[in-house]
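By convention in this document, chain letters (A, B, ...) are assigned in the order of the sequence lines, proteins followed by strands, and residues within each chain are numbered from 1. Please read all numbers here as calculations on a predicted model, not as lab measurements.
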Amino acid sequence: MASNNSQRGSRRLGRRFYRRGSVDLAHALLGRTLVRVLDDGTRLAGRIVEAEAYVGEHDKAAHSYGRRRTDRNASMYLDAGHAYVYFTYGMHHCMNIVADVADEPTACLIRALEPTEGVEVMTAHRASKIAADRLRVTDLCSGPAKLTQALAIDRAFDGVDLTTHERLFVEGGASARAGEIVAGPRIGVGYAAEWADEPLRFYVRDNPHVSRPR
DNA sequence: ATGACGATTTACT
DNA sequence: GTAAATCGTCATA
């Protein structure tokens, strides 16, 4: 099935969009479209339906807790609108979008997308790990490491500027209505003591593509 | 040099 | 529900 071009009128989001705190940015990202252009020009894209905010040096769940700065997380200190892509569990990549201003290490983890373009290619990328006949559309991008696999995003994209990069960026379009955004505790940060319960995970209510529905 | 640990996903009981 | 997969990164020495 051919991908449609219904988003063709949308414009890439610029620096001004990203220049805000990570909580605000996480809200604002819901409903926007993450776009990955492959080397052959194929567009893979999905509507962001789930994101988490990591609020910086005081956040025990953040890689930048206590202003920790290493080769791995250096991208968190870049200006707003850059990508922070890291490798974890020996096999998975996760993508963040840096918020705020340079040297303020806050970011939003992109946790789920509703696929909109290039579903067949995403399926092929994902089917290398799962039997193709078991794959449903809701299995393609319903998790932070699933979506990077589906969109072929790895550490080669760590530190790229989403406001200028030709192969990875976010397009505008309608953001999610405030009334349909649900807040809850972040996933997989049980080690973060009191920060584990902060409602910094945001997702679109009843959307079947979020990592943990209902 | 070494050891412990993941901002996860998948398969299996 | 539990556990395995799998290895770069980081803290400690």
**Request:** Figure out the OH/P separation between A:Y89 and C:dT9, and round it to whole Å.
**Result:** 16 Å
**Request:** Using distance alone, with no hydrogens and no angle criterion, decide if A:S75 and A:D158 have a side-chain donor and acceptor under 3.5 Å apart.
**Result:** yes
**Request:** Round to a whole Å and report the spacing from NE2 of A:H93 to C1' of B:dA7.
**Result:** 15 Å
**Item:** Rounded distance (Å) that lies between atom C1' of C:dG8 and atom CG of A:D158
**Value:** 13 Å
**Request:** If B:dT10 has a Watson-Crick or G-U wobble mate with both distances under 3.5 Å, name it; if not, just say none.
**Result:** C:dA3
**Request:** Any chance you could lay out the side-chain contact (heavy atoms from CB on, under 4.5 Å) test for A:E52 and A:Y203, step after step, and finish with the verdict?
**Result:** CA-CA 9 Å; A:E52 284 178 351; A:Y203 59 94; over 6 Å; no
**Item:** Euclidean distance, atom NE2 of residue A:H92 to atom C1' of B:dT10 [Å, nearest integer]
**Value:** 8 Å
**Prompt:** Checking all strands, does A:R155 fall into the base, sugar-phosphate, or nothing category for heavy-atom contacts under 4.0 angstrom?
**Reply:** sugar-phosphate
**Request:** Give a yes/no on whether any side-chain N or O of A:R68 is located under 4.0 angstrom from OP1 or OP2 of C:dA11.
**Result:** yes
**Prompt:** On DNA chain C, nearest-nucleotide positions of A:T88 versus A:R69: which is more 5'?
**Reply:** A:T88
**Asked** Think A:K60 has a side-chain N or O under 4.0 angstrom from the OP1 or OP2 of B:dA7?
**Response** no
**Prompt:** If we call it a pair only when both distances are under 3.5 Å in a Watson-Crick or G-U wobble match, what pairs with C:dG8?
**Reply:** B:dC5
**Asked** With a cut-off of 6.0 Å (strictly less than), are more than 12 heavy atoms of other residues, nucleotides or ligands near CD of A:E166?
**Response** no
**Request:** Quickly work out the A:Y86 OH to C:dC7 C1' distance and round it to whole Å.
**Result:** 15 Å
**Asked** So, is A:R212 near the phosphate of B:dT9, with a side-chain N or O under 4.0 Å from OP1 or OP2?
**Response** no
**Message:** If you assign A:V189 and A:R126 each to the DNA chain B nucleotide with the nearest heavy atom, which residue ends up on the more 5' nucleotide?
**Reply:** A:V189
**Prompt:** Would you say the ring centroid of A:F157 lies under 6.0 angstrom from that of A:H165?
**Reply:** yes
**Asked** With respect to the side chain of A:A145, which nucleotide from C:dA11, B:dT8, B:dA7 is positioned closest?
**Response** B:dT8
**Request:** Using a cut-off of strictly less than 4.0 Å, decide whether A:H63 has a side-chain nitrogen or oxygen near OP1 or OP2 of B:dA7.
**Result:** yes
**Prompt:** Given atom CG of A:N96 and atom P of B:dT8, what is their separation to the nearest angstrom?
**Reply:** 11 Å
**Prompt:** Separation of A:Y191 atom OH from B:dA7 atom C1', in whole Å?
**Reply:** 5 Å
**Message:** Tell me if the centroids of the rings in A:Y54 and A:H63 come within less than 6.0 Å of each other.
**Reply:** no
**Request:** Can you spot which of A:R12, A:R15, A:R167 makes a salt bridge (charged side-chain N to carboxylate O under 4.0 Å, His left out) with A:D161?
**Result:** A:R15
**Item:** Side chain of A:M91 - closest among B:dA7, C:dA5, B:dT9
**Value:** C:dA5
**Prompt:** Nearest-Å distance, CZ (A:F87) to C1' (B:dG6)?
**Reply:** 11 Å
**Asked** What does A:M95 touch in the nucleic acid at a heavy-atom separation under 4.0 angstrom: a base, only the sugar-phosphate, or nothing?
**Response** nothing
**Request:** May I ask you to evaluate whether A:R72 reaches the phosphate of B:dG6, defined as a side-chain N or O under 4.0 Å from OP1 or OP2?
**Result:** no
